Number of protein chains: 2
Amino acid sequence: MDNRTGHRIVPETAAPRGDRLAERHAAARYGNRPTMKDVAARAGVGLKTVSRVVNGEPGVTADTERRVQEAIEALGFRRNDSARVLRKGRTASIGLVLEDLADPFYGPLSRAVEEVARAHGALLINGSSAEDPDREQELVLALCARRVDGLVVIPAGDDHRYLEPELRAGVATVFVDRPAGQIDADVVLSDNFGGARDGVAHLIAHGHRRIGFIGDMPRIHTAAERLRGYRTAMADAGIPVTDSWTSLGVTDPQRVRRAAEEMLSGAEPVTAIFAGNNRVTVTVVRVLAERSRPVALVGFDDFELADLLQPGVTVVAQDAAQLGRTAAERLFSQLDGTLLTPERTELPTRLITRGSGELPPAD
Amino acid sequence: MDNRTGHRIVPETAAPRGDRLAERHAAARYGNRPTMKDVAARAGVGLKTVSRVVNGEPGVTADTERRVQEAIEALGFRRNDSARVLRKGRTASIGLVLEDLADPFYGPLSRAVEEVARAHGALLINGSSAEDPDREQELVLALCARRVDGLVVIPAGDDHRYLEPELRAGVATVFVDRPAGQIDADVVLSDNFGGARDGVAHLIAHGHRRIGFIGDMPRIHTAAERLRGYRTAMADAGIPVTDSWTSLGVTDPQRVRRAAEEMLSGAEPVTAIFAGNNRVTVTVVRVLAERSRPVALVGFDDFELADLLQPGVTVVAQDAAQLGRTAAERLFSQLDGTLLTPERTELPTRLITRGSGELPPAD
DNA sequence: CTCGGAGCTGACAACGTTGTCCAGGCTCTA
DNA sequence: TAGAGCCTGGACAACGTTGTCAGCTCCGAG
């Protein structure tokens with residue numbers, strides 16, 4: 001008996017019973033937020049009138065409005081958006097799932113998405129997948145459970161069929177940086193292939209023939225595309241590629257370092273390195289800084305201070321902010337109903353020469 | 001008559017009526033998500049049984065559970081968390097308001113907060129204030145309207161009395177990096193004063209007496225504290241400070257550049273500069289790189305590649321991730337009820353010597 | 001003086017979920 | 001075999017808001 005009604009009478013009686021305590025606490029802390037009903041009572045008006053004032057709807061006398069405002073002020077009322085969402089269907093929030101906020105590449109991207117969201121009156125809910133497909137799915141579904149109006153996803157996995165019910169239900173979705181797997185969805189990418197190809201061609205144009213490539217796992221779309229760009233540039237120049245010149249799936253600094261050192265020594269040492277992403281580039285810069293023989297370097301992704309190093313680091317730059325902005329704008333186009341069929345948008349990259357990519361081969 | 005049921009039958013009839021159209025649109029897109037009722041109907045069970053299965057509550061036969069799971073699968077049902085929140089009171093989400101996600105200092109901080117939130121099963125909703133107090137307030141209140149369980153705020157403004165109703169209602173709140181204004185709240189800071197004092201003392205120990213300071217507006221707490229550290233170190237060493245050696249409120253690269261150039265020329269040029277934050281430091285590095293006469297430099301905040309520059313940049317480092325982690329943990333302590341009185345936590349800074357701060361004065 | 005209309009206001013249902021409580025069927029024991 | 005007790009399932013209210021609709025008052029025109 002006591003057990004059955006325990007939950008209800010808890011706020012009054014002070015009988016902490018095991019894990020009910022936390023709950024009791026919550027009730028005590030959250031239960032007492034004023035609602036529109038409270039405001040209405042205090043202002044001596046109807047519930048709906050409060051709603052009208054809060055939402056700036058017309059049809060309220062100046063005097064009534066003032067009374068309501070005063071009650072709101074006095075009680076510290078804030079509209080409960082959960083209830084509002086439940087009623088209206090729209091949440092005015094969008095979800096962003098990215099790989100790692102601590103990566104400097106994603107800061108500006110995230111910021112750009114937020115700016116666009118803000119311009120459309122939406123809040124941003126975000127999370128990091130840490131490059132783990134399961135975690136990505138967990139996050140995305142959690143966001144869907146919140147009924148976000150739309151999703152911007154930098155995918156970690158390569159199978160997104162779990163999103164089918166959401167797409168059918170009309171959740172706007174845009175993938176960024178990497179394409180969606182197994183489903184037809186909007187996607188905004190950089191021209192990874194073209195950028196890498198041009199970067200490698202740049203090295204070839206400066207006389208290099210033995211060029212190394214250090215990149216991420218080819219299961220990551222961007223990494224695969226950049227590798228393809230490297231191979232294409234080499235093939236276009238008629239240069240056969242030796243296996244020992246390419247190192248894939250290498251991410252942590254230790255292994256990048258070893259990979260770089262290996263291709264710089266041996267029988268046929270490379271005279272130039274193409275680095276597949278900013279983290280690799282930075283590590284390679286460190287390795288090269290320790291060596292006396294100059295080695296040319298072009299990196300994919302720009303990074304701060306690249307120009308201040310000696311020599312400045314030549315990079316294939318992609319515009320992270322523009323990626324984010326484009327994706328977010330497509331998202332809101334979907335929500336407006338403007339955009340109906342999924343499209344693939346590819347943004348150009350830009351080669352920025354700063355010195356390291358223009359070093360001649362030191363044979 | 002038609003009017004009454006109009007909202008309901010909208011998906012079928014195609015009778016757009018003025019601004020109903022948008023609503024109709026929304027209804028068409030969002031209205032048709034399956035609910036527990038739908039699942040129950042399909043599985044041939046009661047509504048509450050579905051709820052039980054979805055929430056893993058006991059008291060459901062294996063067979064019934066299977067039938068429900070199949071229905072969920074078939075319909076692509078996802079629980080609507082808005083309704084859940086409305087019912088339960090807790091949202092399992094926390095808000096993070098920071099200054100600018102594109103600033104590399106905030107990436108790791110944000111990431112750390114997210115990790116802690118995740119460990120507690122909470123989602124993170126975030127937004128940038130862009131250093132604008134009004135925008136900060138707007139964001140914070142929007143988050144409160146979503147009924148976030150707690151708030152981590154990097155304040156832009158210096159008056160947070162608008163949060164009083166929320167605090168009273170039990171919204172857990174922690175301020176990071178800068179203290180709250182006009183209210184008594186938890187706050188996690190770096191030892192800005194001590195760090196700056198030690199950094200300047202380091203320069204003095206290496207023989208400098210004419211030391212410049214370039215920092216942000218003193219209305220920003222961190223900037224004021226760092227300035228105080230600079231002044232204290234100078235005073236402790238018995239060095240009178242000339243006005244022209246300190247430049248405040250300077251943020252954009254152009255003006256930092258001019259400020260640096262001014263203190264480096266003139267009758268009493270400085271032989272060393274203390275830079276008040278990472279953005280200033282980077283700009284000063286650029287200015288110094290153009291000069292032949294070596295000038296010592298210590299910067300507040302570490303940044304990537306500081307060690308690779310020539311010379312390496314000596315910095316007073318604060319641990320952004322640790323700030324975020326500490327703040328988030330305090331937040332959840334508040335939510336657990338473990339933590340009851342607001343406290344001020346100050347994290348130590350660390351001087352990292354890399355060369356630029358050990359240059360002797362070139363008189 | 002009455003009637004119609006316009007402008008305000010409030011009662012009520014509904015949004016999708018969860019907590020409470022009750023009913024019915026089962027097992028187990030005396 | 002009857003009764004007690006347990007297990008499973010469902011009906012119902014409530015969370016706080018908004019859309020709908022009806023009622024009220026007040027004004028001016030007829």
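Predicted model only: the values in this text are computed from it and were never measured. Note: hydrogens, waters and symmetry copies are ignored here, and every other heavy atom, side chains too, is used.
- Listed by residue number, there are no residues of residues 58-76 of chain B with a heavy-atom contact under 4.0 Å to DNA chain C.
- In this structure B:Phe175 satisfies the ring pair (Phe, Tyr, Trp, His ring centres under 6.0 Å) test together with B:His160, sequence neighbours excluded.
- When heavy atoms are screened at a 4.0 angstrom cut-off, A:Asp81 is found touching no nucleic acid atom at all.
- Annotation: salt bridge (charged side-chain N to carboxylate O under 4.0 Å, His left out) contacts of A:Glu138 (sequence neighbours excluded): B:Arg118.
- In the helix from C:dC1-D:dG30 to C:dA30-D:dT1, the rotation axis of the first five pairs and that of the last five pairs differ in direction by 50°, rounded to 10 degrees.
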Report all interatomic pairs (protein N or O, nucleotide N or O of nucleotides 26-28 of chain D) with separations under 3.5 Å.
none

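- Each of B:Val174, B:Ile183, B:Leu167, B:Asp184 was evaluated against B:Pro342; a single residue qualifies, B:Asp184, per the side chain to side chain contact (heavy atoms under 4.5 Å, CB included) test.
- The side chain to side chain donor-acceptor pair (under 3.5 Å) search around B:Ser129 returns none, not counting sequence neighbours.
- Remark: B:Asp158 pairs with no residue by the side chain to side chain donor-acceptor pair (under 3.5 Å) rule, at least two apart or across chains.
- Nearest heavy-atom pair, A:Ser93 versus B:Arg146, reported as atom, atom and distance to 0.1 Å: CB-NH1, 3.3 Å.
- Residues from residues 45-53 of chain B lying near DNA chain C, meaning a heavy-atom separation below 4.0 Å, are B:Leu47, B:Lys48, B:Ser51 in numerical order.
- Not a single donor-acceptor pair, N or O on each side, falls under 3.5 Å between the base of D:dT17 and the side chain of A:Arg84.
- Under the rule for a salt bridge (charged side-chain N to carboxylate O under 4.0 Å, His left out), the partners of B:Asp63 that lie at least two apart in sequence or sit in another chain are B:Arg66, B:Arg67.
- With no hydrogens or angles considered, no side-chain donor-acceptor pair links A:Asp100 and A:Ser128 at under 3.5 Å.
- If you check distances only, the side chain of B:Arg87 does reach the base of C:dT18 with a donor-acceptor pair under 3.5 Å.
- A:Glu164 is linked by a salt bridge (charged side-chain N to carboxylate O under 4.0 Å, His left out) to nothing, counting only residues two or more places apart in sequence or in another chain.
- Donor-acceptor pairing under 3.5 Å is lacking for the side chains of B:Thr173 and B:Glu166.
- You'll find that the side chain of A:Asn80 is closest to D:dG16, out of D:dG16, C:dG16, C:dT18.
- Each ring-ring contact (aromatic ring centres under 6.0 Å, His included) pair with one or both residues in residues 120-140 of chain A, not counting sequence neighbours, appears once here: A:His120-A:Phe332.
- Picking from C:dT17, D:dC15, D:dT17 the nucleotide with the shortest atom distance to the side chain of B:Thr35 gives C:dT17.
- Between B:Arg79 and the phosphate of C:dT18, there is a side-chain N or O to OP1/OP2 separation shorter than 4.0 Å.
- Qualifying salt bridge (charged side-chain N to carboxylate O under 4.0 Å, His left out) partners for A:Arg84, counting only residues two or more places apart in sequence or in other chains: none.
- The shortest side-chain heavy-atom distance between A:Arg78 and B:Arg147 falls under the 4.5 Å cut-off.
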